[in-house]
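Order of the sequence lines fixes the chain letters, A, B, ..., with proteins taken first and strands second; residue numbering starts at 1 for each chain. When reading the values below, keep in mind they use all heavy atoms of this one structure, side chains included, and skip hydrogens, waters and symmetry mates.
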Amino acid sequence: MTRHLRFILIAFAVLSTAAAPEPIQRFPKPDFESGYERPIMQTPASRALTLEYLDVVVLIAALSLASYFVLKKRSRRYLFVLMLFSLIYFGFWRKGCVCSVGSVQNVVLAMFSNSYAIPLTVVAFFLLPLVFTLFFGRTFCAAVCPLGAAQDIFILKPKSLPGWLNETLSLIPYLYLGLSVLFAATGAGFLICRYDPFVGFFRFGASFDMILFGAFLLLLGTVVARPYCRFLCPYGVLLNWMSQLSRKHLSITPAECINCRLCEASCPFDAIKMPTAKSNEKKEQNTRRLALLLVLTPLVMALSGWAGSLLHVPLSRGHFTVALAEEIRLEDTGQRTERTDETDVFRATGKSTALLYEEARQIQRQFRTGGWLLGGFLGLIFCLKMIKLAIPSEQSLYEANRGTCLSCGRCLSYCPVGKEGVDVERIPQG
Amino acid sequence: MAESKNDRILTILVIFFSVAGMIYFGLSAVRSDGKKTAGNPFHYDIENFKKDGADLRTYKEVKAVPLTLLAPHAIAVDLRDRIYVTSGASVVRIDAAGQMSVSTTVTDEINAIAVSADGDIYLALRTAVEVLDSTGTRTASWQIPDQAVLTSVAVAGRDVYLADAGNRVVWRYDLQGTLLNKIGERDEARDIVGFLIPSPYFDVAIDPDGFLWAVNTGRHQFENYFPDGALRSSWSNSSMAIDGFSGCCNPAHIAILSDGSFVTSEKGILRIKVHKQIGALEAVVATADQFDPKTSSLEVTVDSRDQILVLDPQRAQVRIFQKKEDPP
Amino acid sequence: MSLKTRRDFLKSGVNTAVALAMGGAAGFVVGKSGKGDLVWQLDPNICIQCENCATNCVLPESAVKCVHSYSMCGYCDLCSGYLEPGAKSRDTGAENQLCPTGAIKRTFIEDPYFEYEIDEKLCIGCGKCIKGCGAFGNGSLYLQVKHDRCVNCNECSIARSCPSNAFRRVPAETPYILRGEEADRYSAQI
């Protein structure tokens with residue numbers, strides 16, 4: 001009797017939670033006279049939590065070693081070996097997930113969603129590289145990030161890009177970051193992961209388009225060093241900010257720069273600040289331009305914010321609910337006759353379309369607010385860049401650009417200055 | 001100098017080529033995002049089965065009696081064509097005008113209902129039988145031994161037959177609740193294969209001669225018994241085609257018309273058909289496209305004019321079907 | 001104080017401020033975090049067997065496989081998850097099998113019962129058998145993400161293309177959504 005009662009309860013539980021078609025709790029069971037016993041279903045466990053924690057430990061170790069190699073050891077060779085290790089461990093072994101770049105979205109989702117409990121390991125993957133960068137510069141990019149490593153080994157004949165192009169392209173990551181945050185915050189999905197060009201190589205499988213996109217990106221990387229890191233990576237934006245404020249940072253020379261120009265062409269990323277000629281512009285002129293830019297900034301921000309808010313309709317189509325509501329509307333108004341799986345499922349649930357439309361409208365409102373913020377943010381970034389260009393830099397020595405320098409250590413060996421003084425042998429004659 | 005010029009051209013070519021490739025495949029990736037790949041080789045369209053037999057339909061729906069009950073479960077009709085419907089532990093009687101006349105609630109959920117020629121109401125609960133008179137007053141009740149799960153009840157003369165999916169037998173009781181005998185246990189000497197009941201669907205009905213028919217759903221077999229439990233006859237037809245029964249356990253419900261042919265109701269792909277007493281398909285009454293998605297199973301019964309009453313739990317209706325040529 | 005050192009001082013101040021702010025942000029996020037990890041799983045009660053699982057996994061061989069709750073199986077001879085509709089005979093002939101890869105093994109137990117077992121190496125997760133079993137049978141066959149195969153992408157590519165939104169993140173300690181007694185046994189294990 002109790003056995004049956006239990007069945008009833010299970011059957012009830014199964015039936016009450018089920019959608020169509022309802023699974024029927026087998027009842028009663030066949031009586032096997034031959035002594036047959038039902039096999040047990042295999043449910044292999046997911047990856048152990050201890051292994052996830054091990055990943056964090058490896059991350060900390062790799063970040064520490066990278067910082068040590070950059071700042072103390074000053075060795076490109078050690079960095080390169082560590083970079084290969086990271087490529088194998090975080091890339092091919094861990095299949096590129098979860099990576100710090102993508103973790104931005106998890107953090108944003110956790111902030112905006114009440115149902116998503118972000119795993120601690122993901123928080124660690126997000127924060128640790130930022131913290132290390134705040135102290136030691138972008139050593140994460142140098143030798144820990146598997147995406148960076150994958151591109152780094154393809155740098156064959158790096159060419160310097162014109163300054164204007166470099167500056168323009170480096171605005172893309174802000175856009176990418178902004179869009180990714182908007183999508184993650186509204187629950188529309190993880191753009192960074194969806195369009196990760198290299199994860200397909202790590203897993204030996206991805207969509208055909210993304211594999212080829214990655215392949216062409218690597219091909220581009222043979223002449224334009226690390227194109228993803230410099231002109232796409234959204235996490236790079238945060239690292240750039242942290243690195244500009246970092247306590248310590250890679251210095252090209254271990255002692256005093258003697259302006260020998262040897263390192264000038266050593267950086268494949270155009271991240272060495274060169275000494276600038278003394279500007280002969282009048283100070284007044286400069287100030288006026290700066291003042292104009294400062295006045296224009298709020299205007300630009302408002303304008304781009306407005307432009308961003310106009311995009312909320314097409315952008316919100318990236319959200320499942322909005323896309324579904326749109327399809328339902330097309331079908332209901334007879335503009336489309338062919339039904340999709342999505343709309344079939346929705347109609348089978350018996351939920352009212354009014355409710356769906358309301359949900360979709362709410363998400364669109366979120367996208368409109370997000371569009372304002374995103375547009376304003378991009379406007380601000382653009383203006384800041386202009387302001388930075390307007391302020392004459394007073395550069396007298398060769399120095400790493402703290403924001404864009406990836407701490408790869410390539411320039412180190414070019415510097416003839418040793419801790420004890422200048423190695424005259426290494427200065428070319430003539 | 002020439003070499004560096006070549007170098008430059010090569011660089012520009014590589015940049016141009018790779019940027020073009022990136023843009024092409026990047027856009028293509030964005031466009032194809034989340035879309036189903038075309039031409040799925042594994043597509044299995046069961047929608048087609050739902051239309052099976054639609055062209056053979058010779059019945060039409062003449063009426064749908066709305067019910068004010070939540071999740072109606074079982075249905076019966078008495079000799080005066082009044083409809084009895086159960087829902088949870090309640091039973092209601094609906095007269096021809098759609099007026100609800102009797103409403104009674106018993107102790108437990110009702111699995112099946114039958115009405116005797118005298119107008120007494122027999123309710124099969126999970127492990128017990130409750131008998132009510134025509135006013136809804138309880139006159140008798142008894143428990144079923146062992147691990148019973150009653151799924152159907154039928155009254156023939158002085159006998160009450162109870163289909164028990166738990167013990168996989170049909171119990172024969174008299175009207176007062178005295179156990180007379182068990183029917184349908186595996187017995188090779190009497191050519192009884194035993195009931196194979198893979199899910200809680202196991203129906204019994206009485207034919208015009210007063211003999212018991214039970215559905216051996218797991219074998220898609222109809223079995224006809226003498227009151228003492230001897231097998232009188234049987235037929236089966238397992239097939240995915242319209243003239244047979246398929247799936248784990250079908251037909252889920254049956255009723256018997258005045259000429260002895262069967263009204264069968266299948267779950268899975270919902271359909272209602274009429275089979276001759278010897279098994280051949282006689283008519284298609286209703287096919288899956290006439291029912292809402294998520295409809296679980298349809299209990300059927302027949303009235304004195306051989307109209308077929310289908311209890312549609314999804315729409316909470318009693319849907320009445322009639323031969324197309326019959327007068328309304 | 002020279003310009004350089006003043007700037008350095010300012011920078012170090014901002015650095016400390018950012019470090020503190022990050023600590024605060026970290027505290028906020030950690031407050032919203034769960035203890036364990038999350039993995040992807042599909043809810044078989046929402047799944048509509050659209051066949052995307054077979055083709056949309058990032059892995060060359062999908063991590064989604066058919067599983068079998070034996071406790072719910074009718075052990076039927078005429079198994080609608082195994083046999084092609086209109087199959088000429090009820091046997092293991094390839095032409096009678098519904099599964100495109102022949103991944104279901106049919107074994108005679110005793111009259112009238114047959115056991116059906118999924119050969120995971122052959123199963124591609126297309127859900128064809130599940131459609132058959134669910135439409136006509138007990139629904140003992142259903143799809144699950146197998147966690148010895150799944151690489152747990154941050155954004156699951158099948159989840160993205162799932163028309164019924166059947167995929168969701170579940171705690172890594174209980175990474176399956178099972179049916180029948182298997183569900184019971186599974187929750188008892190945990």
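Environment of NZ in A:Lys351: crowded, with over 12 heavy atoms of neighbouring residues, nucleotides or ligands closer than 6.0 Å. Counting heavy atoms of neighbouring residues, nucleotides and ligands inside a 6.0 Å radius, atom CH2 of A:Trp93 does not exceed 12 of them. In this structure, A:Phe32 places its CZ atom where more than 12 heavy-atom neighbours from other residues, nucleotides or ligands lie under 6.0 Å away. Counting non-hydrogen atoms of neighbouring residues, nucleotides and ligands closer than 6.0 angstrom, the CD atom of A:Glu338 reaches no more than 12 such neighbours.
A:Val131 touches chain C through backbone and side chain together, each having a heavy atom under 4.5 Å away. Contacts of A:Glu33 with chain C are made by both backbone and side-chain atoms, with heavy-atom separations under 4.5 Å. Heavy atoms closer than 4.5 Å to chain A are found nowhere in C:Ser140, neither backbone nor side chain. The contact between A:Ala188 and chain C is made entirely by backbone atoms, counting heavy-atom distances below 4.5 Å. With a 4.5 Å cut-off on non-hydrogen atoms, C:Cys150 does not touch chain A at all. With a 4.5 Å cut-off on non-hydrogen atoms, C:Val29 touches chain A through its backbone and its side chain both. For C:Ser164, the parts lying under 4.5 angstrom from a heavy atom of chain A are both the backbone and the side chain. In this structure, chain C has no heavy atom under 4.5 Å from any part of A:Ile192. When heavy atoms are compared at a cutoff of 4.5 Å, C:Ser69 approaches chain A by way of both its backbone and its side chain.
Distance check: C:Asn152 CG to A:Arg94 CZ gives 8.0 Å after rounding to the nearest 0.5 Å. Between C:Ile48 atom CD1 and A:Asp341 atom CG the span is 4.0 Å, to the nearest 0.5 Å. In this structure, CD on C:Glu120 lies 9.0 Å from CD on A:Gln42, to the nearest 0.5 angstrom. To the nearest 0.5 Å, atoms CE (A:Met41) and CD (C:Gln144) are separated by 7.5 Å. For the atom pair CG (C:Asp37) and OH (A:Tyr53), the distance works out to 8.0 Å, reported to the nearest 0.5 Å. Taken from OG in A:Ser115 to CZ in C:Arg168, the straight-line distance is 11.0 Å, to the nearest 0.5 Å.
Taking all atoms of both residues into account, the shortest heavy-atom contact from C:Ala26 to A:Leu127 is CB-CD1, 3.1 Å. For A:Val123 against C:Ser33, the heavy-atom pair with the smallest separation is CG2-CB, 4.5 Å. Closest approach of C:Val30 to A:Leu120, counting heavy atoms only: CG1-CD2, 3.9 Å. Here the closest heavy-atom approach between residue A:Ala117 and residue C:Leu38 is recorded as O-CD1, 3.2 Å. Residues A:Gly102 and C:Asn154 come closest through the heavy atom pair O-ND2, 3.6 Å. Contact detail for A:Pro39 and C:Tyr75: the closest heavy-atom pair is CD-OH, 4.3 Å.
Considering only heavy atoms from C-beta on, A:Met242 comes within 4.5 Å of C:Met22 through its side chain. Counting only heavy atoms from C-beta outward, the side chains of C:Glu115 and A:Tyr36 approach each other to under 4.5 Å. The side-chain heavy atoms of A:Asn114 and C:Lys32, taken from C-beta on, include a pair separated by under 4.5 Å. The side-chain heavy atoms of A:Arg203 and C:Val151, taken from C-beta on, include a pair separated by under 4.5 Å.
Each of A:Phe190, A:Tyr116, A:Phe346, A:Phe320 has some count of heavy-atom pairs under 4.5 Å with chain C, and the biggest count is that of A:Phe190. Between chain A and the options C:Lys146, C:Glu155, C:Glu182, heavy-atom pairs under 4.5 Å are most frequent for C:Glu155. Among the candidates A:Thr349, A:Asp344, A:Val345, the residue making the largest number of heavy-atom pairs closer than 4.5 Å to chain C is A:Val345. Top candidate by heavy-atom pairs under 4.5 Å with chain C, chosen from A:Ser246, A:Cys193, A:Ser34, is A:Ser34. Highest contact tally toward chain A, considering only C:Ile118, C:Val14, C:Val18, is held by C:Val18 [criterion: heavy-atom pairs under 4.5 Å]. By number of non-hydrogen pairs under 4.5 angstrom with chain A, the leading residue of C:Ala172, C:Cys153, C:Pro175 is C:Cys153. Per-residue heavy-atom pair counts under 4.5 Å with chain A were compared for C:His147, C:Arg185, C:Glu110, and the maximum is reached by C:Glu110.
Heavy-atom neighbours of chain C within the stretch residues 105-112 of chain A, taken at a separation under 4.5 angstrom, comprise A:Gln105, A:Asn106, A:Val107, A:Leu109, A:Ala110, A:Met111.
Looking at C:Tyr176, its side chain does come within 3.5 Å of a backbone N or O of A:Pro44 through a donor-acceptor pair.
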